[in-house]
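For reference, the structure is listed below as structure tokens.
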Amino acid sequence: MGFLKGKTAIITGAGRSVLSDGRCGSIGYGIATAYAKEGANLVITGRNEAKLSSAKEELEQLYNIKVLTIQADVNANADNEKVVANVIQQTIDTFGRIDVLINNAQASASGVTLADHTTEQFNLAMYSGLYAAFYYMQACYPHLVKTKGSVINFASGAGLFGNYGQCAYAAAKEGIRGLTRVAATEWAKDGVNVNIICPLAWTAQLEQFQNKYPEAFEKNVHTPPAGHFGDAELEIGRVCVQLASPDFKYMTGETITLEGGLGQRP
């Protein structure tokens, strides 16, 4: 344990969220916890400053690391290059290096059919997901070359399987998959490791959906073959830790699909 000590990871969408039983309730926060346990200093971004502050307080107190929180929102109405440049500059000013970039943040209007989707709803998914990954990858690239670092992006079964009511979300996630594969091809010569994860995790949002709409949950959400959903920290977070290890450089460009917590190379 602690092999990420002295390294710096940027994790987007990593505000604190917990399940009813107290476990990590979001993928971003689960990843942040897994990285904190390995001694990495963190830069966590998100739209909700209260959730970011709560994450910083808990992670610093429990794991003796430093956490920099930055409110950042890539959207259709923002100067997004400036938004991302600010995150990178604060990261370098505070820690002096970037070793891992994890593009986790994503918003969408799930449940709205393609025929009913508005341009605003489509932009929400594309900017918060695909465009954000693009801007962060471009801005981090020179720093990742220096550290021979890693990029970890997130796609989804929504794109792989064409989930009903998730057209913009699926489009954004499939765009991120393509972007990741191109980066893996172009950046391998620089020693930058680029991977993507398609997770199926039990989150606070899914838990709330189950409690509020039990019938809809029963019809649309199915337990994976492994018999359980992925744990945001112990399974998905740990995969992200492994992908930042020099021992996993040979996996550049491959997709890691998590089905109920089972990491499988397709």
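Contact annotation: the side chain of Q121 never approaches that of M126 to less than 4.5 Å [non-hydrogen atoms, C-beta and beyond]. Inter-residue side-chain proximity for R23 and D231 is flagged as met; some heavy-atom pair is nearer than 4.5 Å. The shortest distance between side-chain heavy atoms of F122 and V112 does not fall below 4.5 Å.
Checking side-chain atoms of S108 against main-chain N and O of Y169 turns up no donor-acceptor pair under 3.5 Å. Judged by distance alone, with hydrogens and angles left aside, the side-chain atoms of N153 form no donor-acceptor pair with the main-chain N or O of R177 at under 3.5 Å. Of the possible polar contacts, one joining the N80 side chain to the N75 backbone as a donor-acceptor pair under 3.5 Å is found. H143 contributes no side-chain N or O that, together with a main-chain N or O of D99, makes up a donor-acceptor pair within less than 3.5 Å. K148 places no side-chain N or O within donor-acceptor distance of the main-chain N or O of V192, the cut-off being under 3.5 Å. Side chain of N123 to backbone of A76: no donor-acceptor contact under 3.5 angstrom is found. Remark: the backbone N or O of R181 is paired with a side-chain donor or acceptor of T185 at under 3.5 angstrom. Not a single donor-acceptor pair under 3.5 Å links the side chain of N163 to the backbone N or O of Q166.
The environment of D79 atom CG is dense: over 12 non-hydrogen atoms of other residues, nucleotides or ligands sit within 6.0 angstrom. Crowding of K56 atom NZ: a count of heavy atoms from other residues, nucleotides or ligands under 6.0 Å exceeding 12. Shown here is R47, whose CZ atom has no more than 12 heavy atoms of other residues, nucleotides or ligands within 6.0 Å. Heavy atoms of other residues, nucleotides or ligands lying less than 6.0 angstrom from CG of L62 number more than 12. Annotation: K82, atom NZ; neighbour count of heavy atoms from other residues, nucleotides and ligands within 6.0 Å does not exceed 12.
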Worksheet entry | Candidate pair L130 and K173, rule side chain to side chain contact (heavy atoms under 4.5 Å, CB included), full reasoning | CA-CA 7 Å; L130 178 57; K173 290 303 187 182; over 6 Å; no
Practice prompt. Start with the C-alpha gap between I152 and N103, add the side-chain angles, then the distance that decides, and say whether side chain to side chain contact (heavy atoms under 4.5 Å, CB included) holds.
Written response: CA-CA 6 Å; I152 303 169; N103 287 305; over 6 Å; no
Worksheet item: Where do E38 and R238 land on the salt bridge (charged side-chain N to carboxylate O under 4.0 Å, His left out) test, with the steps shown first?
Response: CA-CA 10 Å; E38 292 294 344; R238 294 306 304 175; 3.0 Å; yes
Item to complete: Dump the intermediate steps for side-chain hydrogen bond (donor to acceptor under 3.5 Å, both in side chains) on T8 and N41, then the final yes or no.
Response: CA-CA 5 Å; T8 301; N41 291 316; 5.0 Å; no
Fill in: Stepwise side chain to side chain contact (heavy atoms under 4.5 Å, CB included) check, I102 with V100
CA-CA 6 Å; I102 301 176; V100 186; 3.7 Å; yes
Worksheet item: For I70 and V43, what are the C-alpha separation, side-chain angles and deciding distance, and is it a side chain to side chain contact (heavy atoms under 4.5 Å, CB included)?
Response: CA-CA 7 Å; I70 306 174; V43 179; 3.9 Å; yes
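Closest non-hydrogen pair, I98 versus I88, comes out as CD1-CG2, 3.9 Å. Closest approach of G13 and A105 over heavy atoms only: N-CB, 3.7 Å. The minimum heavy-atom distance linking I65 with A36 is given by the pair CD1-CB, 3.4 Å. The shortest non-hydrogen separation linking Q106 to A172 is OE1-CB, 4.0 Å. Between S128 and A107, the closest heavy-atom pair is OG-N, 2.9 Å. Closest of all the heavy-atom pairs between D73 and A78 is O-CB, 4.1 Å.
In this structure, V18 is not a member of the same hydrophobic cluster as L42, with clusters built from ILVMFWY side-chain heavy atoms closer than 4.5 Å. Residues F3 and Y35 share a single hydrophobic cluster, defined by chaining ILVMFWY side chains whose heavy atoms lie under 4.5 Å apart. Hydrophobic clustering, with ILVMFWY side chains joined whenever heavy atoms are under 4.5 angstrom apart, groups L4 together with I236. L234 and Y29 fall into different hydrophobic clusters, where Ile, Leu, Val, Met, Phe, Trp and Tyr residues are linked whenever their side-chain heavy atoms come under 4.5 Å apart, directly or through other members. Hydrophobic clustering (side-chain heavy atoms under 4.5 Å, transitive across Ile, Leu, Val, Met, Phe, Trp, Tyr) keeps F134 apart from L124.
From Y135, atom OH reaches atom OH of Y127 across 6.5 Å, with rounding to the nearest 0.5 Å. A distance of 9.0 Å separates CZ in F154 from OG1 in T12, rounded to the nearest 0.5 Å. For the atom pair I92 CD1 and C140 SG, the distance stands at 8.0 Å (nearest 0.5 Å). Taking OG of S17 as the start and CG of N48 as the end, the distance is 10.0 Å to the nearest 0.5 Å. Separation of atoms CD1 (I31) and CD1 (I11) is listed at 6.0 Å; rounding is to 0.5 Å. Atom CZ in F161 sits 9.0 Å away from atom OG in S156 (nearest 0.5 Å).
Judged purely by distance below 3.5 Å, without hydrogens or angles, the side chains of E186 and Y141 never pair a donor atom with an acceptor atom. Side-chain contact check for Q89 and D93: at least one donor-acceptor pair (N or O, by modelled atom type) lies under 3.5 Å. Side-chain N/O atoms of E207 and S20 include a donor and acceptor closer than 3.5 Å.
With salt bridges taken as basic N to acidic carboxylate O contacts below 4.0 Å, one links R16 and E58. The existence of a salt bridge linking K37 and E233 is confirmed by a sub-4.0 Å separation between a basic side-chain nitrogen and an acidic carboxylate oxygen.
Aromatic ring orientation, W202 versus F229: tilted (interplanar angle from 30° to 60°).
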